[in-house]
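Structure record follows, encoded as structure tokens.
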Amino acid sequence: MKSEPDDCSIDDLAAAPGQCVPWVGVRNYQARNFMRDAMRIGDGVLFYHSSCAQPGIAGLAEVASAPHPDPTQFDPASRWHDPKATPAAPRWMLVDVRLRARTRLLPLTEMRQRPELASLQILQRGNRLSITPVTPAQWQAVCALLGQPAR
DNA sequence: GCCAACGTTGGC
DNA sequence: GCCAACGTTGGC
């Protein structure tokens, strides 16, 4: 899951109540569908810093809630406000994400050098999705590079 | 700031 | 439903 550190960095996640944040602001249907349909509580999350000086994986996290409506879609003052969404017919669903571990930064440049990570969807040409699935083998490879248990 | 790549919009 | 125009993403 990509996050711009100016919005929510791994340190912001660590400082959040319960080290847990609602993943607000996703406004892409494919990314929404991953949160709404594919994620389960306890699923592992690679926390990726994007649109910053050093893009890369900054820590491990996990899905901490069932899907629920993104509250920012109803808030006219929010940058993520969606005038077409109503509480009766929400358009954007999200999950909460809880920190497991801050890690060293695994830079995008290093990720590209690792053959075992070559299949990661985030590394594919033209990928722009802010949420992409990770296979168990990819997860284990990243954890090994970060010196983290793969549990 | 550039630009490749992709998503969304809206006229037809 | 097609598709051109436009907007967004995100690394560099």
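None of the values given here were measured: they were computed from a predicted structure. Atom set for the values below is all heavy atoms of this structure, side chains included, hydrogens, waters and symmetry mates excluded. A, B, ... follow the sequence lines: proteins, then strands. Residue 1 opens every chain.
Atom pair A:Asn28:CG and C:dG10:C1' shows a separation of 14 Å (rounding to whole Å applied). Atom CE in A:Met1 sits roughly 13 Å away from atom P in C:dG10 (whole-Å rounding). As rounded to whole Å, 11 Å separates atom P of B:dC6 from atom CD of A:Gln30. The CG-P distance, from A:Leu129 to B:dG7, rounds to 7 Å in whole Å. Atom pair A:Gln121:CD and C:dG10:P shows a separation of 13 Å (rounding to whole Å applied). Taking atom NZ on A:Lys2 and atom C1' on C:dT8, their separation rounds to 12 Å, with Å as the unit. The nearest whole Å value for the distance from the CG atom in A:Asp7 to the C1' atom in C:dT8 is 15 Å. A:Leu123 has its CG atom 20 Å from the P atom of C:dT9, to the nearest Å.
For A:Tyr29, whose side chain is taken as the heavy atoms from C-beta onward, the closest listed nucleotide among C:dT8, B:dT8, C:dC12 is B:dT8. Distances from the side chain of A:Glu4 to the nucleotides B:dT8, C:dG11, C:dG10 place C:dG10 closest. Checking C:dG10, C:dT8, C:dG11 against the side-chain heavy atoms of A:Arg128 singles out C:dT8 as nearest.
No side-chain donor-acceptor contact under 3.5 Å links A:Gln138 to the backbone of A:Leu117.
Distances shorter than 4.0 Å separate none of the side-chain N or O atoms of A:Tyr48 from OP1 or OP2 on C:dT9.
Remark: A:Gln121 CD is packed, more than 12 non-hydrogen atoms of other residues, nucleotides or ligands lying under 6.0 Å away.
For the atom pair CH2 (A:Trp23) and OG (A:Ser3), the distance works out to 4.5 Å, reported to the nearest 0.5 Å.
By the 4.0 Å N-to-carboxylate-O rule, A:Arg104 lies close enough to A:Glu110 to be salt-bridged with it.
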